[in-house]
Amino acid sequence: MRTAWVGRVAVFAATLDCPSSFLAYHIIFLNETRRHQLVAILDWLNRGLLPAIVLSDVELYVRHGVLAPAAGGGELLAIFNMNMDPLPALRLRLGGQLVSKIAKLNGDGTWMDLEWRADSGTELTVNTPVESMVPLLLRLT
C-alpha cells in the first residue's frame, strides 16, 4: 500500500537578475517588505512558524540544527555576520518550544550562558554582540 504524501509548493515569480544597479535591485528585492513576505511564505510551506529566524537588516548567514539528547539536547544556531559592522545584540523569532536557557560556544569549547529577554510572544533579544566575520554558535534549551 502506498502512502500519499501531501506537500505544499510556492512559486515566487521574480527575477533574481540584478538590474542596472545594485540600488535598484535592493529596492526591488532586498528590502524588509520582501523579507517579511518570504518569511511568511516559508512559514506557510512549513505549516507553522519556522524553528528560528534572526530578525536583522544586515547580511547574516544562519544555520539551524537540532542537538541529540546525548549531546545535551536543544537547538543549535550557527550565525555568521557577513556585514562589516557588528550587531550589538541579536534579535530572534522562535517558532518552537519555549526557551529557558541560551548559551554560546566559547573558543575553548565551553558553553557560556547568555542573558536574554522576551520581547513578545515569539520574539526575544539575546545580549551578545555578533561580530563581523566571527562565527557565533548558540544553544537554545
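Just so you know, these numbers come straight off a predicted model, no measurement behind them.
Side-chain contact between Ile102 and Arg139 is absent, with no heavy atoms from C-beta onward closer than 4.5 Å. Looking only at side-chain heavy atoms (C-beta outward), Thr141 and Val99 stay at 4.5 Å or farther from each other. By the 4.5 Å heavy-atom criterion applied to side chains, Leu140 and Leu94 are counted as neighbours. Within the 4.5 Å cutoff, the side chain of Leu105 has heavy atoms near those of the Trp111 side chain. With contacts defined as side-chain heavy-atom distances shorter than 4.5 Å, the pair Leu137/Lys104 does not qualify. Using a 4.5 Å heavy-atom threshold, the side chains of Thr122 and Leu49 count as touching. For the pair Asn127 and Arg117, the minimum side-chain heavy-atom distance is below 4.5 Å.
How far CG of Leu124 is from CG of Leu92: 5.0 Å, rounded to the nearest 0.5 Å. Between Ser56 atom OG and Arg35 atom CZ the span is 7.0 Å, to the nearest 0.5 Å. From Ile41, atom CD1 reaches atom CD of Gln37 across 4.5 Å, with rounding to the nearest 0.5 Å.
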Below 3.5 Å, can you tabulate the donor-acceptor pairs from side chains in residues 72-91 to any protein atom, sequence neighbours excluded?
from, atom 1, to, atom 2, distance (Å)
Glu75, OE1, His64, NE2, 2.4
Asn81, OD1, Asn83, N, 2.9
Asn81, ND2, Asp85, O, 2.9
Asn81, ND2, Val130, O, 3.0

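Across Trp116 and Val126, no two heavy atoms sit closer than the pair CB-CA, 3.9 Å. Of all heavy-atom pairs spanning Ala10 and Trp44, the tightest one is CB-CZ3, 4.4 Å.
Evaluation of the side-chain hydrogen bond (donor to acceptor under 3.5 Å, both in side chains) rule for Arg93 yields Asp43 as partners, not counting sequence neighbours.
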